[in-house]
Protein chains: 2
Amino acid sequence: MSQTDTVTRILDAAEALFAERGFTETSLRTITSTAGVNLAAVNYHFGSKKELIQAVFERFLTPFTDALEAELDQRVATGGTLRVEDLVGSLFRVGLGGLSERGLDPQRFMRLLGLAYTQFQGHLRRFIVARYGNSYRRFAGLLAQALPGVDPVTFYWRLYFMLGATIFTLSSYDAIEAILREDFGAQSSLPETLERLVPAASAMLKVEAG
Amino acid sequence: MSQTDTVTRILDAAEALFAERGFTETSLRTITSTAGVNLAAVNYHFGSKKELIQAVFERFLTPFTDALEAELDQRVATGGTLRVEDLVGSLFRVGLGGLSERGLDPQRFMRLLGLAYTQFQGHLRRFIVARYGNSYRRFAGLLAQALPGVDPVTFYWRLYFMLGATIFTLSSYDAIEAILREDFGAQSSLPETLERLVPAASAMLKVEAG
DNA sequence: GCGGGAGTTAAACAGTTGTTTTAAATGATG
DNA sequence: CATCATTTAAAACAACTGTTTAACTCCCGC
């Protein structure tokens with residue numbers, strides 16, 4: 001088994017297990033045994049469990065922000081005024097399409113993102129801010145431009161409202177979908193849910209009275 | 001040290017530590033030592049760590065839902081059409097005022113509520129649904145009545161959007177507030193943030209296109 | 001005054017955790 | 001083919017986890 005093979009197998013197993021159970025609830029022994037590699041391989045290749053967690057995030061966050069940057073480049077280049085719905089739509093379309101094209105599971109990433117915020121891993125938050133803060137600030141800046149009437153502080157609070165609605169909903173997507181299917185018999189796909197989320201989030205950003 | 005004293009001290013310590021670090025990240029030894037009681041006291045009085053977690057939630061969720069029910073009773077009794085803003089406002093006012101009147105910390109409870117959803121404690125979710133599901137369904141029903149134009153499935157998705165925005169934002173309130181104060185020099189109080197959240201959440205519930 | 005039960009205590013239990021060590025195997029390079 | 005660093009392997013490490021045990025204290029009702 002080559003090195004890259006072992007590294008990839010560990011990342012695959014860790015990603016799935018973290019999303020399913022959380023970080024502290026997933027032991028290195030569970031990861032290595034489902035990956036079919038030796039226990040010591042994690043500390044050998046990644047150094048520690050913390051660094052493994054960061055590596056899992058890096059592997060999906062880098063292609064995501066790259067795709068988002070490219071999308072923003074294109075929108076800016078083709079000129080035209082950037083509307084709120086377009087920007088929010090871009091964000092979701094990239095997250096949904098860009099990742100699943102690569103055979104990656106967008107729900108799983110939303111779950112991991114939610115964990116990054118709610119599980120108590122200070123190192124993870126610092127890592128993400130340091131590595132991807134620029135992309136985040138660029139998107140936020142463009143969105144603020146599209147909302148000239150909203151004062152900065154209110155805007156940023158609403159940005160967090162949107163972030164919360166998105167991360168919370170999509171990271172619990174399966175559970176919510178199951179409840180709705182049971183109560184209404186109507187199943188909703190992930191793209192449908194995002195179609196519902198775009199106008200809702202946009203409306204929240206744009207309210208006048210604030 | 002009387003029994004109630006020990007029980008209360010354990011609950012106080014557990015509540016603060018859980019909100020600060022999470023469930024699995026908080027050991028019984030940390031709880032009992034900060035509470036100043038013996039390690040075995042938790043298993044003696046509560047049975048297990050799981051039941052301690054449930055007891056912590058029961059202690060603040062019961063007064064909260066009681067106050068919410070009372071508020072809803074009053075609104076229904078005084079007649080008048082129930083508007084979306086009023087219902088959402090009631091929810092927040094009760095959560096903020098009703099709890100802090102009792103000397104309880106509303107942010108901490110939002111943090112705990114967030115954990116209940118994102119940490120992987122199946123027993124907790126089941127416990128909360130079983131104990132407080134009726135209050136939740138009553139509130140959701142009244143809110144749905146105030147939104148006659150919105151189809152049920154869309155309504156429930158938006159309810160989760162609102163839940164996510166609220167829990168996510170308020171459970172990270174301190175962190176977000178610190179960032180905004182650093183970047184804009186403007187500090188926002190918790191009531192101010194809720195004043196921003198009420199119209200934003202209401203707008204999200206009411207959007208037409210969807 | 002005294003049995004008895006509720007409450008507390010210190011100690012030990014068995015299991016799991018992340019990490020390290022030491023040795024063997026592998027595989028590319030000279 | 002020999003050599004060397006890289007990679008895997010099994011085992012042990014020390015620390016920590018939730019829970020249980022058994023002895024002990026205390027107070028209340030008889």
Side-chain angles (χ1 to χ4, degrees), chain A residues 1-59 112 115-116 119-124 126-127, chain B residues 1-58 112 115-116 119-127:
Chain A
M1 195 183 303
S2 71
Q3 173 190 359
T4 59
D5 223 41
T6 302
V7 169
T8 305
R9 292 165 67 96
I10 292 175
L11 284 172
D12 287 343
E15 180 183 291
L17 289 165
F18 285 155
E20 194 180 315
R21 321 181 180 183
F23 305 123
T24 25
E25 293 83 355
T26 305
S27 71
L28 292 183
R29 281 170 180 80
T30 311
I31 294 172
T32 51
S33 73
T34 66
V37 305
N38 187 271
L39 168 63
V42 169
N43 290 284
Y44 177 78
H45 287 289
F46 296 94
S48 66
K49 189 181 181 182
K50 284 188 181 182
E51 288 165 287
L52 169 63
I53 295 175
Q54 293 175 6
V56 167
F57 275 78
E58 189 166 26
R59 189 170 65 149
L112 289 172
L115 292 186
Q119 302 250 65
F120 300 82
Q121 307 272 345
H123 70 97
L124 224 194
R126 284 191 294 273
F127 170 80
Chain B
M1 195 181 304
S2 71
Q3 174 190 357
T4 58
D5 222 42
T6 302
V7 169
T8 305
R9 293 165 66 96
I10 291 175
L11 284 173
D12 287 342
E15 180 184 291
L17 289 166
F18 286 156
E20 193 180 316
R21 322 180 179 182
F23 304 122
T24 24
E25 292 83 354
T26 305
S27 72
L28 292 182
R29 282 168 180 82
T30 310
I31 295 172
T32 51
S33 72
T34 66
V37 304
N38 187 272
L39 168 64
V42 168
N43 289 284
Y44 179 76
H45 288 289
F46 296 94
S48 66
K49 187 181 181 180
K50 284 187 181 183
E51 288 165 286
L52 169 61
I53 295 176
Q54 293 176 6
V56 166
F57 274 78
E58 189 166 26
L112 289 171
L115 292 186
Q119 303 249 65
F120 300 83
Q121 306 272 344
H123 70 98
L124 224 194
R125 240 189 259 218
R126 284 190 295 272
F127 170 80

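Chain letters run A, B, ... following the sequence lines, proteins first, then strands; residues in each count from 1. Keep in mind that this is a model prediction, so the values were computed, not measured.
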For the pair made of [atom1] in [X] and [atom2] in [N], what is the distance, rounded to whole Å?
X: B/Asn38; N: C/dA6; atom1: CG; atom2: C1'; answer: 15 Å
X: A/Phe46; N: C/dG18; atom1: CZ; atom2: C1'; answer: 15 Å
X: A/Leu52; N: C/dT17; atom1: CG; atom2: C1'; answer: 15 Å
X: B/Lys49; N: D/dT17; atom1: NZ; atom2: P; answer: 8 Å

*Can you measure from CD1 (B/Ile31) to CG (B/Leu52) and round to the nearest 0.5 angstrom?*
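It comes to 5.0 Å.
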*Identified side chain to side chain contact (heavy atoms under 4.5 Å, CB included) partner of B/Thr8 from the options B/Ile10, B/Leu11, B/Asp5, B/Asp12*: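 The option that passes is B/Asp12.
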Do the side-chain N or O atoms of [X] get closer than 4.0 angstrom to the phosphate oxygens (OP1, OP2) of [N]?
X: B/His45; N: C/dT8; result: yes
X: A/Ser48; N: C/dG18; result: no
X: B/Thr6; N: C/dT8; result: yes

*Begin from the C-alpha positions of B/Phe127 and B/Glu58 and carry the test side-chain contact (heavy atoms from CB on, under 4.5 Å) through to its verdict.*
CA-CA 9 Å; B/Phe127 170 80; B/Glu58 189 166 26; 4.1 Å; yes
Just so I know, are the side chains of [X] and [Y] near enough to count as touching, which here means a heavy-atom distance under 4.5 Å?
X: B/Val42; Y: B/Val37; answer: no
X: A/Asn38; Y: A/Thr32; answer: no
X: B/Gln121; Y: B/Ile53; answer: yes
X: B/Leu115; Y: B/Leu124; answer: no
X: A/Thr6; Y: A/Tyr44; answer: no

*asked:* Strictly under 4.0 angstrom, non-hydrogen atoms only: write out the protein contact profile of nucleotides 20-26 of chain D, one letter per nucleotide from the 5' end, B, S or -.
replied: B------
*B/Thr30 side chain to B/Thr26 backbone, donor-acceptor under 3.5 Å*: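 Side chain of B/Thr30 to backbone of B/Thr26: no pair is present.
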*What class does the angle between the rings of A/Phe23 and A/Phe57 fall in, given that below 30° is parallel, 30 to 60° is tilted and above 60° is perpendicular?*
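Ring orientation, 0 to 90° scale: tilted.
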_For A/Gln54, run the side-chain hydrogen bond (donor to acceptor under 3.5 Å, both in side chains) check against A/His123, A/Lys49, A/Arg59 and tell me which one passes._
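Of the listed residues A/His123, A/Lys49, A/Arg59, the side-chain hydrogen bond (donor to acceptor under 3.5 Å, both in side chains) partner of A/Gln54 is A/His123.
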*Per the end-axis method with five pairs at each terminus, what is the bend angle of the helix from C/dG1-D/dC30 to C/dG30-D/dC1, to 10°?*
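About 0° separates the two local helix axes.
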*Members of residues 12-29 of chain A that approach DNA chain C, where some heavy atom sits under 4.0 Å away*: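 Heavy-atom cutoff 4.0 Å gives A/Thr26, A/Ser27, A/Leu28, A/Arg29.
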